[in-house]
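Treat the numbers as computed from the prediction; the structure is a model and nothing was measured. Counting starts at 1 for both ligands and their atoms, in listed order. Counting from 1, the numbers follow the sequence of the chain as shown.
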Amino acid sequence: MAVTIGALAERAPGEKRVSLSPEVAEKFAAAGARVLLERSAGTSAQFPDALYKRVEWCDATPATLASLDVLLTVQPPTVEQIGALRSGAVVLGFMAPHARVREIALLRDRQITSFAMELVPRISRAQSMDALSSQAAIAGYKAVLIAANTLDRFLPMLTTAAGTIRPAQVLIIGVGVAGLQAIATAKRLGAVVEAYDVRSATREQVKSLGARFVETGVSAEGAGGYARELTDEEKQRQQDALDARIALADAVISTAAVPGRRAPRIITRAAVERMKAGAVIIDIAAESGGNCELTQAGETVLHQGVKIVGPVNLPAQLAFHASEMYARNLYNFLKPAIAKDGTLAIDWQDEVFERSCVTHAGAIRHEPTARLVEGT
Ligand code: NAD
């Protein structure tokens, strides 16, 4: 029997993305799948129902969920959704396994196979499935636009009849996918951009985008291309060098993260108090604890004339392209599991499926999550 793939409107507050775009719905149909979509699911991402040509419309009822072989999501599935899925069904989306203990235990107990998009390995072959990257690029871009809108000054240099305007100084902290997009965006808007990361490999990337790399004399190469935790002495050296640059910035975009841990604290209260009046910090690590000591997730804090913005779910603010890219990530992940006759056949020897799997056949397959949920 052809695989039945379904997507519903997202239920989480503020979530405007949808897991299925019209383009990807057609591709799944062309691959032989039956595609179900809840009415109006794409509306908040600017995909009106009329754009979906090859879907069957459904409501978000338990009966619909029970009929699915695969449920595509953006946010982790809810307890009610998991309760309605049939045993052996597949859920694919962001699973936030570290934060959804109850949901993961239920997925295990109901023998549902769940794949977490945030666990897709960062290998070359899986780049087209890398939803962390596609969504981080959006966050980096949007953060610079928020900075531009929040500042009481221009970003570019302007020569006008009323005199010359100096360009804004923008400092990007953390040069992963989001940071690189933030650098490129700030450059396009005409700011003078400098950037810093503990990984020395980023030095050349920063320079190739026409920005200046902030040298602190500290390197933190970790396994797998990710950063490692710094020692106290290294942190102090990093801090002193960075504080001097933070004090000169009109806008700081902070994106630093260490996988599986709270975001590193890099911008102290003291550093904020040395900044210029009217300066802004856009802390896109707000949801994982913030890079700035004063960040409040979902709020804008005013501290001695400096605005600290802690945005949450930035990709949802660019829902059209975020959904388009995310849906392609899902398609590229799932397509190899759709056989020529349209049935579902997961190759468990494939490291992409194996390493992205959270639960399968009544067990938690992802070890850190098993330790968290089962205390093993
Ligand atoms: P991330 O979101 O985990 O972290 C963002 C950045 O913060 C990283 O560059 C990290 O080095 C930096 N950081 C951490 N602690 C810091 C500190 N104390 N001070 C300053 N910066 C700090 O990163 P990401 O965007 O997901 O990318 C992580 C790595 O994975 C990078 O090496 C990236 O090039 C690589 N990557 C590889 C692929 C692929 O090959 N398929 C795809 C995407 C990313």
| field | Interfacing atoms of ligand 1 (cut-off 4.0 Å, heavy-atom, V175) | value | 9 (O)

| message | Quick check on contacts: which atoms of ligand 1 are under 4.0 angstrom from a heavy atom of V177? | response | 25 (O), 43 (C), 44 (C)

| query | What part of A256, side chain, backbone, both or neither, has a heavy atom within less than 4.0 angstrom of ligand 1? | reply | both

| Closest to atom 16 (C) of ligand 1 among V198, V120, T255 (heavy-atom distance) | V198

| message | Is the contact between I266 and ligand 1 made by the side chain, the backbone, both, or neither, using heavy atoms and a 4.0 Å cut-off? | response | side chain

| request: Give the numbers and elements of all ligand 1 atoms closer than 4.0 Å to a heavy atom of I123. | output: 41 (N)

| task | Pick one of side chain, backbone, both or neither for how S133 approaches ligand 1, counting any non-hydrogen atom pair under 4.0 Å. | result | side chain

| query | Going from CG on L71 to CD1 on I112, what distance comes out if it is rounded to the nearest 0.5 angstrom? | reply | 9.5 Å

| task | Give the atoms of ligand 1, by number and element, whose distance to some non-hydrogen atom of Q238 is under 4.0 Å. | result | 17 (C), 18 (N), 19 (N)

| note | ligand 1 to G174, heavy atom cutoff 4.0 Å, flagged ligand atoms 7 (O), 21 (N)

| request: Out of S288, P259, A257, indicate the one that has the non-hydrogen atom closest to atom 4 (O) of ligand 1. | output: A257

| said: Tell me every residue that passes side chain to side chain donor-acceptor pair (under 3.5 Å) with Q238, counting only those two or more places apart in sequence or in another chain. | reply: Y196

| Under a 4.0 Å N-O cut-off, is there an ion pair linking E299 with K307? | no

| For D130, atoms of ligand 1 separated by under 4.0 Å from a heavy atom | 42 (C), 43 (C)

| remark: Applying ring-ring contact (aromatic ring centres under 6.0 Å, His included) to F213 and not counting sequence neighbours gives none

| Close-contact set for ligand 1 against Q127 heavy atoms, below 4.0 Å | 39 (C), 40 (O), 41 (N)

| task | Would you check the N or O atoms of R199, main chain and side chain alike, for any that come under 3.5 Å of an N or O of ligand 1? | result | yes

